[in-house]
Amino acid sequence: MQEKITALRADCTQEIEQCTTSLQLQEVKVKYMGKSGLITALLKGMKDVAPEDRPKVGSMVNQLRNELESVLEKKTAEIAEMELQHKLKSEKVDISLKSLDEPLGTLHPVTLITQQIQEMLIPLGFKVLEGPEIETDYYSFQALNIPKDHPARDMQDTFYITDSILLRPHTSPMQARFMENNQPPIKIVCPGKVFRSDSDASHSPVFHQIEGLVVDKHLTLCDLKGTLEYIAQNLFTKDTKVRFRPSYFPFTEPSVEVDLSCSNCGGKGCSLCKGTGWIEVLGAGMVNPFVLENCGIDSKQYTGYAFGIGIERIAMIKYGIPDIRLFYENDARFLRQFKK
Ligand code: DAH
């Protein structure tokens, strides 16, 4: 019996040592320690051992089993580590590999112009704010000195949702919204979508404006002109000139239409400016004292100026886009041209 045990110990230890995979190790384990394994058979054979020898032989077999189990355990850990290392090596992903060139999208020209105007005004101290596209009649008209039945309401073909709720026809409601809750000094720009029932090559039912409002002591038309000149020269060229023509908006007094010298011909006259050398770009003016008072601002102490820029209009002039509908068709060939 003792020889048998010694032989088994030697065989099993050697076989364990020779294993190189966990599968082989498993086979050895079954061969010796499994249900019908050699060591198990040894234990079963105890009944043939003389009773007086049983305790001694029994403890030898147990010791053998314990020994082999710990050798097996050690080898199992070794092989597991080896297999892990192998796996790590063979399944290594090279994260430094260059990715396939995915074509990048481009910013929409409306976004480009909006961002450009915002970015040039922020250093002057302007805050950028956005307001609701679904607006009340009050902020869109009444607060801006356009009472019901005022003929100026015809200037905007408004989409009404109910009698008092509508899609804002301009970004000017933001003037009233902001002045109601803030005292001067005020310096804001408000970009956003506006809506009008109008559609042709230069009008779209949805388009974009950016509203500017400055309220403080001692502001005059000269401040307005200086700001607009700064915007125009940054958008177009350093020698762009600004011209004011008298106009009418209920919320400004005086009101002006603003023309820029044509950036295409430098003012000599071309097809873009229809031979006049000037292009009309926006409406502006000194905030009507009625509007200041409506919003709780003392018009004896403060004056203000405001302007409303049509973003598409600027983009059409700047990039030579002949039809406003091109902005909304999402034709990739059109959009790709604005890649930086
Ligand atoms: N809200 C006007 C429009 O949509 C544009 C405008 C004119 C805005 C004069 C102003 C302004 O702030 O002062 O036609």
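One-based numbering, in listed order, for ligands and for the atoms of each.
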Q. Looking at Phe307, which atoms of ligand 1 are within less than 4.0 Å of one of its heavy atoms?
A. 8 (C), 10 (C), 12 (O), 13 (O)

Q | Gly285 neighbourhood, listing ligand 1 atoms whose heavy-atom distance to it stays under 4.0 Å | A | 13 (O)

Q) Do any N/O atoms on Ala306 end up under 3.5 angstrom from N/O atoms on ligand 1? A) yes

Q. With a 4.0 Å cut-off on heavy atoms, is Arg196 touching ligand 1?
A. yes

Q: May I ask which of Gly283, Ser172, Pro173, Pro250 has a heavy atom nearer to atom 7 (C) of ligand 1 than the others do?
A: Gly283

Q) Any idea which atoms of ligand 1 are less than 4.0 Å away from a heavy-atom of Gln175? A) 12 (O)

Q. Taking the six-membered ring for Trp, are His170 and Phe141 parallel (under 30°), tilted (30 to 60°) or perpendicular (over 60°)?
A. tilted

Q: Pick one of side chain, backbone, both or neither for how Tyr305 approaches ligand 1, counting any non-hydrogen atom pair under 4.0 Å.
A: neither

Q. Using 30° and 60° as the class limits, which term best fits the ring planes of Phe307 and Tyr305: parallel, tilted or perpendicular?
A. parallel

(Q) Can you classify the ring geometry of Tyr328 versus His208 as parallel (below 30°), tilted (30 to 60°) or perpendicular (above 60°)? (A) parallel

(Q) Tell me whether Glu257 contacts the main-chain N or O of Arg245 through its side chain, where contact means a donor paired with an acceptor under 3.5 Å. (A) no

Q: Check step by step if salt bridge (charged side-chain N to carboxylate O under 4.0 Å, His left out) holds for Arg177 and Glu135.
A: CA-CA 11 Å; Arg177 280 186 177 274; Glu135 220 356 318; 2.6 Å; yes

Q) Leu129 versus Cys190: any side-chain heavy-atom pair under 4.5 Å? A) yes

Q. Relative to the heavy atoms of Phe249, which atoms of ligand 1 are at a distance of less than 4.0 Å?
A. 7 (C), 9 (C)

Q) Does any N or O atom in Thr252 lie less than 3.5 angstrom from one in ligand 1, N or O only? A) no

